[in-house]
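See below for the structure under consideration.
As the structure is a computational prediction, the values presented were derived from the model and not from experiment. So that the names make sense, note that chain A is the first sequence line, chain B the second, and so on, each numbered from 1.
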Amino acid sequence: MELAKSFDPHAIEPRWYPFWESRGYFKAGFDPAKQSFSIQLPPPNVTGTLHMGHAYQQTLMDVLTRYHRMKGYNVLWQPGTDHAGIATQMVVERQLEAKGESRRALGREEFVKRVWAWKEESGSTITRQMRRLGSSCDWSREYFTMDEPRSRAVTEVFVRLFEAGLIYRGKRLIHWDPVLQTAVSDLEVESREENGSLWQLRYPLAEGTGHLVVATTRPETMLGDTAVAVHPEDDRYAAFVGKQVRLPLSDRLIPIVADAYVDREFGTGVVKITPGHDFNDYQVGVRHGLPMPCIFTLDAKVNENAPAKYQGLDRFAARKAVLADLEAAGLLESTKPHKLMQPRSQRSDAVVEPMLSDQWFVCMVGMAKAGLDVVAKGGTQFVPEEWTKVYNQWLANIQDWCISRQLWWGHQIPAWYADDGTPFVGRDFEEARRHATAAGKAIRDERRDPDVLDTWFSSAFVPFSTLGWPDEAQFERERRFYLPSTVMITGFDIIFFWVARMIMTTLQFAGETAFRDVYINAIVRDAEGNKMSKSKGNTIDPLDVIDGIGFEALLDKSTQGLMLASHKETAAKRIKREFPAGIEAYGADALRFTFASLSTLGRTLNFDLKRCEGYRSFCNKLWNATRFVLMNCEGKDVGLEAGANATMSVADRWIVSRLQRAETAVIGALAEYRFDVAARAVYEFVWDEYCDWYLELAKSQLAAGDEASQRATRRTLIRVLEATLRLAHPIIPFITEELWQKVAPLAGKSGDSIMVAPYPQPEEAKVDVAAEAEIAGVKEIVNAARNLRSTMGVAPAARVPMYLADCPGYMAAHAEAIKAIARISELHVAEELPARDAPVTVTPAGRVMLHVEIDRAAEKARLEKLAARLEAEIANAKGKLSNPTFVDKAPAAVVEQEKKRLADKESELAQIRAQIAKLG
RNA sequence: GGGUGCUUAGCUCAGCUGGUAGAGCAUCGCCUUUACACGGCGAAUGUCGUGGGUUCGAGCCCCUCAGCACCCACCA
């Protein structure tokens with residue numbers, strides 16, 4: 001079947017993914033004779049959809065995966081999805097609310113059923129989208145963090161850590177989200193600078209008259225104050241230490257303590273201490289043995305530990321009431337505006353309340369040390385390197401990890417409580433009961449801890465839980481191939497949440513690092529470098545880039561789901577401005593090429609549809625080059641059989657040589673994760689060398705060459721193209737497969753698919769420096785001629801005579817090619833240029849004269865300008881060379897280079913001067 | 001408060017261990033030349049953020065300042 005006249009991604013993409021997948025090409029290999037390559041997909045939220053960040057990461061992962069597969073490695077790209085505890089539970093709760101139902105009314109069992117139903121319904125969306133992008137994961141091994149094997153691993157890890165004393169239950173001050181009503185880890189708290197107030201309150205002294213003034217941003221917490229503190233060396237307050245103040249409103253006596261935590265410079269130097277609701281105060285409370293009352297309910301209303309008057313009030317209402325009462329009592333000294341870092345829960349945006357609460361924790365210090373060591377010793381390397389510091393800094397200051405969540409969606413904690421409240425942990429109830437019995441305690445099945453584990457707890461084990469662990473036999477079999485993973489590709493935002501924890505747990509349970517390399521990819525921004533966000537309306541859906549989308553549909557989907565009218569308006573405006581005609585269909589290959597090209601080792605990647613358009617053009621270029629080659633090779637003798645009479649021309653040897661260099665460049669770039677360099681090498685080889693020059697050179701060889709050289713040219717055309725397709729396949733899999741299916745047979749290559757064909761390997765012997773120099777010379781002459789034509793205003797189609805002098809002997813052999821490419825009617829090669837009024841260009845490869853009408857004065861002026869520039873360059877070079885320190889100290893090669901430059905320029909100038917003289 | 005990164009052509013970015021600045025897009029000419037107008041050919045464009053230092057030589061190394069972005073942190 002003929003190739004269509006131009007590249008249309010839609011016509012080809014849908015056919016190849018099912019072809020690859022159905023033939024099992026994505027399946028992990030287990031051949032002991034081969035090297036292995038493996039990569040873990042950061043598991044996306046199971047009910048989520050593919051966004052630009054995913055598409056970008058996966059492009060990089062797929063490039064590496066396909067590349068290593070073609071190189072013959074055992075390859076495992078391990079996919080999976082995450083149950084995303086809080087996020088998914090929230091989505092389903094919202095759905096229930098919309099239907100007038102509620103989680104609590106349904107009850108735990110029924111609610112969890114509904115979440116599973118939602119997971120089943122939407123769970124394959126993102127994996128379907130991944131297939132559209134071309135991601136070649138081994139779907140036969142796809143996991144879900146709550147599937148049976150992963151759940152077993154979670155229980156096993158929990159039990160073992162508990163038995164090792166690394167998981168414990170304790171009453172600690174934790175971050176409480178009063179909206180979601182669960183504990184969250186410190187990583188799930190985000191602090192933002194917000195405008196608040198700083199209030200100064202008077203606390204009357206218990207004895208005598210007078211008061212101390214304390215400053216606070218949260219006056220309502222005074223209901224839980226159990227002390228005030230001053231700095232031990234603060235002379236102003238030394239006399240008060242050990243005495244008491246009368247806590248207003250509550251009318252309790254609380255001590256004045258001395259603690260070095262107090263900053264004498266801030267406020268009055270006196271701090272109110274609320275150990276139950278502040279992390280600093282908690283420490284002070286511990287040091288001074290203070291009571292630590294909790295004054296809030298789980299939904300952050302004032303509880304029974306505060307005076308009756310405030311009970312039942314929300315935190316913020318209580319603040320108002322407290323302030324009003326203090327003011328009435330004359331105890332409010334001042335109110336000032338104050339900027340503070342407000343800690344908010346990442347998921348609900350609620351102001352987090354520190355609460356003293358019973359939770360499960362993982363003791364991190366030891367594991368963190370191991371995690372630091374393995375990176376320090378180079379067992380795991382970050383790319384770019386600078387992220388090592390970020391990793392180190394976090395691990396060095398790590399806190400114990402609060403892993404219990406008061407949610408229903410997730411892995412329920414495998415702990416049961418004895419009647420006296422002692423927790424017993426086991427792989428199942430029976431095991432827990434045995435422990436309890438041994439300890440002489442009675443427990444019941446229904447007294448299982450209701451909490452679930454942090455989502456990140458389960459995803460922290462995927463490096464080994466996806467290789468069969470805790471099944472020893474399977475794990476031993478598979479880890480030899482795929483642990484550690486070769487590389488982890490992910491965003492910096494989850495270095496702490498995920499990467500560090502995987503490294504730590506894998507060290508703990510497999511005794512080995514999880515990854516050889518950790519590649520931290522850039523964050524995808526819009527073309528102007530702004531963060532992509534729904535409310536700004538500057539998000540782009542990767543599927544829309546692949547498939548295209550009309551303006552109306554784009555407007556619709558960009559504004560739906562936005563709650564605020566102002567956001568809707570901003571988004572709509574932006575869509576109208578940026579995408580007045582919607583988004584064209586660029587296809588997965590162009591999208592992937594764009595990602596690869598923009599993938600420098602920076603922190604951000606500004607996604608520009610214009611770039612994408614350029615790379616779709618590239619695909620079209622490749623497509624049409626293939627059409628040309630097929631047109632010339634189909635049904636013709638391409639000289640494949642041994643002993644075929646085929647004479648390789650210099651141009652043929654040149655393009656083969658350039659191909660070796662392109663292959664070397666791509667392979668080297670991929671080894672260093674320089675996807676941009678790899679993409680550029682492919683782009684430049686295909687466009688600038690193969691299409692712009694070789695196809696043109698080939699045309700004249702096919703038109704004028706003898707039988708044997710035509711045969712060699714056809715063979716070179718088809719073989720270089722075939723190798724180029726393989727070279728490019730990891731980046732642009734669809735179009736290369738489509739074209740390869742047609743090209744490969746003609747190139748004498750068999751095989752069912754390009755994705756299982758071998759990756760091109762450069763051969764040193766095929767690098768031909770002489771041919772490269774020769775073609776470089778030809779290009780120089782052609783360029784000079786083209787330049788003169790354009791400067792002289794010669795119509796592109798017009799053929800003009802050309803004279804060539806002072807050129808290497810080989811030039812005559814390229815006469816036909818030069819004539820065709822530079823559109824020359826007659827080419828005269830001679831010792832000297834004829835003396836006539838014609839434009840001349842001097843190049844190292846010869847002097848070029850076009851026989852065209854000229855304006856003598858204008859030509860003279862042009863040459864004078866050239867001469868002036870040359871003179872300046874000559875003066876510069878002479879200056880350098882006459883500087884003794886330069887000649888002395890600079891390396892000989894540099895001095896030589898400068899001398900050569902001087903000589904070249906001087907000779908060029910002489911020629912130009914001569915030509916000016918001829919013009920009279 | 002601590003830390004990191006960035007500042008190069010109108011825009012987005014490359015620039016290897018220091019040797020006289022590059023790409024894509026955009027711009028401006030001229031072209032329906034038989035693979036490709038998703039094309040061809042040509043052109044223009046930069047005191048490489050500031051000030052200093054090291055060096056024969058600095059976009060690259062060192063210091064200063066300025067601007068931008070991000071991360072971590074319990075200052076009431």
Side-chain angles (χ1 to χ4, degrees), chain A residues 3 5-8 173 186 191 198 214-218 221 229 261-263 265-274 278-283 338 340-341 343 354 384 386-387 389-390 393-394 397 492-493 495-496 523 527-529 531 584 586 590 597-598 600 602-611 613-632 674 676-677 680 683-684 691-692 695-696 699 783 786-791 793-799 820 822-823 873 876-877 880 883-891 893-895 897-898 901:
Chain A
L3 283 182
K5 194 161 185 290
S6 58
F7 164 65
D8 174 15
L173 203 57
D186 34 8
S191 293
L198 186 67
V214 300
T216 181
T217 54
R218 301 195 56 202
T221 61
Y261 144 71
V262 179
D263 177 356
E265 308 301 317
F266 190 93
T268 55
V270 186
V271 189
K272 60 189 275 307
I273 301 297
T274 320
D278 182 285
F279 285 90
N280 286 315
D281 295 5
Y282 177 76
Q283 296 301 330
H338 183 73
L340 72 158
M341 294 298 281
E386 73 227 28
W387 293 107
K389 284 183 195 160
V390 175
Q393 210 173 0
W394 186 66
N397 300 300
F492 76 88
D493 49 333
I495 290 178
F496 307 147
I523 298 301
E528 282 85 43
K531 248 184 196 160
E584 282 183 62
Y586 295 97
S597 297
L598 293 174
T600 59
R603 291 195 167 190
T604 56
L605 179 159
N606 297 350
F607 185 83
D608 188 350
L609 266 181
K610 294 277 190 193
R611 281 296 276 268
E613 192 173 343
Y615 295 124
R616 185 183 54 179
S617 299
F618 172 76
C619 291
N620 187 56
K621 191 78 180 173
L622 186 59
W623 182 272
N624 276 291
T626 303
R627 279 180 65 217
F628 173 81
V629 173
L630 291 177
M631 208 177 285
N632 282 285
R674 287 302 303 260
D676 58 326
V677 175
R680 190 160 30 128
Y683 186 98
E684 287 175 354
C691 291
D692 280 357
L695 291 191
E696 296 307 321
K699 279 177 193 171
N783 284 336
R786 282 172 166 173
N787 189 300
L788 280 180
R789 294 176 60 107
S790 175
T791 314
V794 178
R799 290 185 172 273
R823 303 199 69 76
E873 282 170 10
N876 189 309
K880 255 190 188 171
N883 178 354
T885 47
F886 172 72
V887 180
D888 256 21
K889 297 198 173 179
V894 174
V895 177
Q897 184 190 328
E898 199 60 33
R901 182 148 48 209

In this structure, how many angstroms lie between the P atom of B:U55 and the CG atom of A:D888, rounded?
15 Å

At their closest point, which heavy atom of A:D281 faces which heavy atom of A:K272, and how far apart are they?
OD2-O, 3.3 Å

P-based separation of B:C16 from B:U20 [nearest Å]
13 Å

Polar contact flag, side-chain donor to acceptor under 3.5 angstrom, A:N624-A:N620
yes

In whole Å, what is the span from the CD atom of A:E696 to the C1' atom of B:C36?
11 Å

Map every base of RNA chain B to its dot-bracket character, where paired means a Watson-Crick or G-U wobble contact with both distances under 3.5 Å and | marks a partner outside the strand.
(((((((..((((.....[..)))).(((((.......))))).....(.(((..]....))).))))))))....

What nucleotide among B:A35, B:C71, B:A73 has an atom nearest to a side-chain atom of A:M341?
B:A73

Non-neighbouring partners of A:R611 that pass side chain to side chain contact (heavy atoms under 4.5 Å, CB included), sequence neighbours left out:
A:T594, A:S597, A:L598, A:D608, A:Y615

Taking side chain as C-beta onward, heavy atoms only, is A:R627 less than 4.5 Å from A:F7?
no

Which residues share a side chain to side chain contact (heavy atoms under 4.5 Å, CB included) with A:N606, sequence neighbours left out
A:R525, A:T604

Picking from B:C70, B:C36, B:G42, which would you name as closest to the side chain of A:K5?
B:C36

Nearest to side-chain heavy atoms of A:V262, which nucleotide of B:C38, B:A76, B:G29:
B:A76

Between B:C56 and B:U8, how far apart are the P atoms? Round to whole Å, please.
30 Å

Walk along nucleotides 3-16 of chain B from 5' to 3' and tag each nucleotide B, S or - by protein heavy-atom contact under 4.0 Å, base first, then sugar-phosphate.
SBS------BSSS-

Of all the choices, B:G40, B:G19, B:A35, which nucleotide is nearest to the side chain of A:D692 once you look at every atom?
B:G40

Rounded off to whole Å, could you give me the CZ-to-P distance for the A:R786 and B:U33 pair?
15 Å

Candidates B:A35, B:C56, B:C41 - which lies nearest the side chain of A:P891:
B:C56

The residue, A:M631 or A:H338, whose nearest nucleotide of RNA chain B is more 5′ is A:M631

Take atom C1' in B:G52 and the same atom in B:U27, then report the distance between them in whole Å.
38 Å

Less than 4.5 Å apart, any side-chain heavy atom of A:F266 and any of A:L198?
yes

side-chain hydrogen bond (donor to acceptor under 3.5 Å, both in side chains) filter on A:D278, not counting sequence neighbours, yields none

My understanding is that only residues two or more places apart in sequence, or in another chain, count here; which of them pass side chain to side chain contact (heavy atoms under 4.5 Å, CB included) with A:N876?
none

Per atom distances to the A:E873 side chain, the nearest of B:U20, B:A35, B:C75 is B:U20

Cationic tip of A:K621 above A:Y683 ring, under 6.0 Å, 45° of axis:
no

Mapping A:K880 and A:T791 to their closest nucleotides on RNA chain B, which lands nearer the 5' end?
A:K880

